[in-house]
Structures are given as C-alpha cells and as structure tokens.
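The figures here come from the full heavy-atom set of this structure, side chains too, leaving out hydrogens, waters and symmetry mates. Numbering of ligands and ligand atoms starts at 1, following listing order.
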Amino acid sequence: MSLDIYKFDESIVGVSSPDPLRFAFAKKHSAHAGGAAIPVMPDQQPMIFNELLQSEGKKTDKRCLYVHVPFCRVRCTFCNFFQNAASRKLVDEYFEALMKELKMKAQTPWAQSGTFHAVYIGGGTPTDLSAKQIEILGKAIHDLFPLATDAEITLEGRINRFSDEMFERSLAGGFNRFSFGIQSFNTQVRRSAKRLDDREVVLDRISSLSQTQQAPIILDLLYGLPHQTLDVFNQDLEDFMSTGAHGIDLYQLIIGGSAPMLNLVEKGKIPPPATTPEKASMYQAGVEFMNKHHVKQLSVNHWARDNRERSLYNSLAKTYAEVMPVGCGAGGNIGGYGFMQHRSLDKYMELMNKGEHPLAMMMRQSDFESLFSSLKAGFDSGVIRRSTLPEFEGKDCFDYLKPLFHLWEENGLVEMSDDYLVLTLAGSFWSVSLAQAAIHILNSESSSQEKLQHKHAANGH
Ligand SMILES: C[S@@+](CC[C@H](N)C(=O)[O-])C[C@H]1O[C@@H](n2cnc3c(N)ncnc32)[C@H](O)[C@@H]1O
Ligand code: SF4
C-alpha cells in the first residue's frame, strides 16, 4: 500500500512557510531521534544480558566502547547531563569501581570476539579524573579490548585544570582525540552559564593544545545561550578559527526539565535563552561561516579543519554500530537490545561491590532498528541515500517515503533526486525533527507492529 501522507499533522510533516528555516516546525523537542522499543521485564534482564555477553558477536560488525564519568566540579545552568558534584574521594572510589567494571566487561566472549573502532570517554567531565587515572584508563582500554589499528579514542572534558601534565599523560594512555566543551568564548555568557574560566584563558589554552599538533582538538559550541546574541556567536566562530582547533560541533541549546537555567530566567537573574527562530538564524550564520572559510562539513552540526578529524564515534554510534556501555549512567546497545546503566552513584557502587552488572533498563529494539538507524544517520549526515536504506516490509523505503519527501521538498526542507534526498539549510536545522517524522510514520504504518508487541509481551520481553 502506498503512503497516505495527508493523514499526518504539521508536527510530523512541517508547515508550508516562506521561511522554513525559522518556521517549518514549532520547535525541536529533543536532541536525538528515537525509534519504538519494547521494555524487557526486570527479572528477565540479567539472563538476557549475560546471554548476549557470553556469546560471540559478528566479527565483521563495527563496535564502540562508551565509558561514562558522571562528575562535574560545577553544574552549568543549561546542562541536562549533570549527575554528581565531583570530590576527590568520590571520584577515586568511582574510578576503582569503573576499572572493575571495565575488566569485567572486557573479559566477556562478546568483547573479545570483535574489533572496537571507536572509544569515547564521556560525561559529565572526564577531565575531572586525575592525570594518573586518565593514563591508567587509556592503557587499560588498550590492554583489555581488541581495538582496530586506527581506533579513535576520545577524551571529553573541559580545559579547566587540564594541565600540560594531564595532556601528556592522556597521550601516554593512548588517547588520540580530545573534545572540549567550550559552549561560548564570551566571558559574560560563560559567567552567566556558570562556566569556569574567562575568554582569554580558554582561548589561550585551546590555542596552545591545538598548536602541539599531537591530536585533533575538537570544540563544542552552543548557540542560543542567555547573553549570546548573533554578534556574540559570530565572534565565537571567529574565536574558534583563531585557536587553530581541528574540529567543531555547533549544538542548538535545548533546555531539558532538570537544567537550572529556566528557574534563573523566571527569577529575572538572567535574560531568556534565544527563541527557535533566533537559533535558526545562528545556525545559518554558523553554516555560512564554515562555507566561507572552507571548513569541511562532516554532518549537519559537525565540521573538520583537519584530515585527522573523523568524528568516528559520533557517526558509528548513531548508525549500525554496537556500543558497549561502561560506567554509572552509561547507555549502549548490543545484539538488538538497548541498555541504560544505573544513574544513581550509590546503586552503581553497590552493584559493582557485589560484582554485578549495573543494568537499570533494557529495551528490545524495534525490528526496524537497522532501518531507523540508517535514517537517523542519513538525516544527521545531511543526505539520505537510497542504497543505504534497508527495505520496509518488502518495499523500497526511499520509494515508500516519497510522498513525505515531496511534501518536504515543496516546503523547502529537502531536494530530491532519483536516489538521494539532500537536506537544504532549513532541512539541516530541522534534521532531528525530520528523522523523528520519518520514523514515526514508518512505526505507525508498520503492519507487524501489533504482532511484534504481542510476541514480546508473550515472551516476557
Ligand atoms: C555532556 S557535555 C560534557 C562536556 C563537558 N563536561 C563540558 O562541560 O564542556 C557534552 C556537550 O553537550 C552539550 N550540551 C550540554 N547541555 C546542552 C543543552 N542543554 N542543549 C544542547 N547541548 C547541550 C554541550 O555542548 C557539551 O559540550
Ligand atoms: S556542561 Fe559539562 S561541566 Fe557543565 S554540567 Fe554539563 S556535563 Fe557538567
């Protein structure tokens, strides 16, 4: 059956507007597109998880390792990811438990049966570990896991207290990519967001790390923070260029429920963050700036100035690759199941002390997961390629979604050719909404959806 696109409302297909960049959708709800997944009953989780890790995976599949460090010394006002305030004692105790989990996971037949292509130490703020811990962690990952010869091993963090010694010991530990959250270089923006260090300190540190040419230095910038006008954002972009950093992510500010910022705005302590149309203009400025300076676009929000920057973890983890999670609050997916580990530090420590996997949630991924992943990866890269889309219930998915693509084309979001759907500037800004819309439509049109849910309910997963 062909797709009747007119039964879906504007939140799915977007509105027809002379200015789709600013007004195609009301606003972006979340940072990532998701597919339907079915929760696994808690009593079934340990058994399924053990079965997965005790069996060998496919040797040819690409894999990632994600290690989470759930501490920050200060909570930024905009952040949805903050978990625990860092103290030396807590971090040291956690590090011990983390190493235990790392070894436990590495020893499984699944971990030893394939090749890991990208490793990401994320947070929180992994650079709040000590220099020695960072080196030990890097070396342990190299010793314990079968890594590809060109594996990308990223340490995320911030420049505050990231000394020369830390940089050297990270390199000695085998880290070959550094991703620093900058958010904005502007001192007023930084102070109002509770970022540590002023503009000059940040510029100086990033410049000197980049100039060593030891490894790609990647920056995260946000757009839409309080006090961050379009002029301030343009200066942020110029500042990025002046540091010589090798790559950049431009992220639209999305304030989630737990971030303290809105409360501060309500109390009149800081001005409100930018509106969605204002953020769209900033995104446009970012894209135009990168084009003007011939900085290579790797995805809708990531650019590279250096051939060494591949952004491998981001592209693999968003596509078909399996991700082994390690740490308190880490998430991943293996063998058709998605996992979240406990976010509560106490619970995590308790389970690690007992030598148990700190699993909090397990979901059976949709039978269409590989299709959904291809769509998410395509929208994230800015191009949907017919050849990379798996079939949808025996039909060519590109053809099946054409009524939607035509509507989006009329609305200025995409340009379609025989085998490719290319996002326009507006489409790139709204790429997560477009991916969510395509996945929503396939989910709701799938004839097997009901059967699938019954089957899993009957199996207790
Ligand atoms: C989890 S943070 C870790 C980085 C590091 N702790 C730091 O502070 O720079 C990773 C990135 O998420 C992004 N991020 C945090 N809060 C965000 C929000 N509310 N909306 C969009 N992106 C956000 C920031 O750009 C940040 O660099
Ligand atoms: S932005 Fe980074 S340092 Fe700030 S609270 Fe979030 S994770 Fe922590």
Determine whether the side chains of [X] and [Y] contain a donor N or O and an acceptor N or O closer than 3.5 Å.
X    : Y    : result
R22  : S281 : yes
Q341 : H68  : no
D249 : N301 : no
Q133 : D92  : yes

Answer with yes or no whether [X] contacts ligand 1, where contact means a heavy atom under 4.0 Å from a ligand atom.
X    : answer
M261 : no
G124 : yes
A259 : no

| said: If you apply the rule salt bridge (Lys or Arg N to Asp or Glu O under 4.0 Å), what do you find for K100 with E96, and how did you get there? | reply: CA-CA 6 Å; K100 193 167 161 183; E96 219 175 282; over 6 Å; no

Ligand 2 contact by [X], heavy-atom criterion under 4.0 angstrom:
X    : value
R195 : yes
G181 : no
R158 : yes

With atoms numbered from 1 as shown, which atoms in ligand 1 lie under 4.0 angstrom from a non-hydrogen atom of [X]?
X    : value
L253 : 19 (N), 20 (N)
N80  : 18 (C), 19 (N)
C79  : 16 (N)
E156 : 3 (C), 4 (C), 10 (C)
Y251 : 25 (O)
G157 : 5 (C), 9 (O)

[X]-ligand 1 polar pair, N/O distance under 3.5 Å:
X    : answer
C72  : no
I254 : yes
R195 : yes
Q183 : yes
T125 : yes

| Is the Lys NZ or Arg CZ of R364 less than 6.0 Å from the centre of Y337's six-membered ring, within 45° of the axis? | yes

| field | Face-on cation placement of R75 at F81 ring, 6.0 Å and 45° thresholds | value | no

According to the interplanar angle, ranging from 0 to 90°, do the rings of [X] and [Y] count as parallel (below 30°), tilted (30 to 60°) or perpendicular (above 60°)?
X    : Y    : answer
H357 : F49  : perpendicular
H293 : F289 : tilted
Y283 : W303 : tilted
W110 : F116 : perpendicular
F233 : Y223 : tilted

| In terms of heavy-atom contacts, does CG of N307 have more than 12 from other residues, nucleotides or ligands at under 6.0 Å? | no

| query | How close does the nearest protein non-hydrogen atom get to atom 8 (Fe) of ligand 2, and which residue and atom is it? | reply | C72 SG, 2.3 Å

| request: Look at the N, O or S atoms of C76, main chain and side chain alike, and state whether any lies under 2.8 Å from atom 8 (Fe) of ligand 2. | output: no

Under a 4.0 angstrom heavy-atom cut-off, which atoms of ligand 2 come close to [X]?
X    : value
G124 : 7 (S)
C79  : 1 (S), 5 (S), 6 (Fe), 7 (S)
T125 : 3 (S), 8 (Fe)
F78  : 1 (S)

Would you kindly specify which portion of [X] sits under 4.0 Å from ligand 1, judged on non-hydrogen atoms: side chain, backbone, both or neither?
X    : result
Q252 : backbone
F81  : side chain
L222 : side chain

| remark: Only one of I159, D204, L203 passes side-chain contact (heavy atoms from CB on, under 4.5 Å) with D197, and that residue is I159

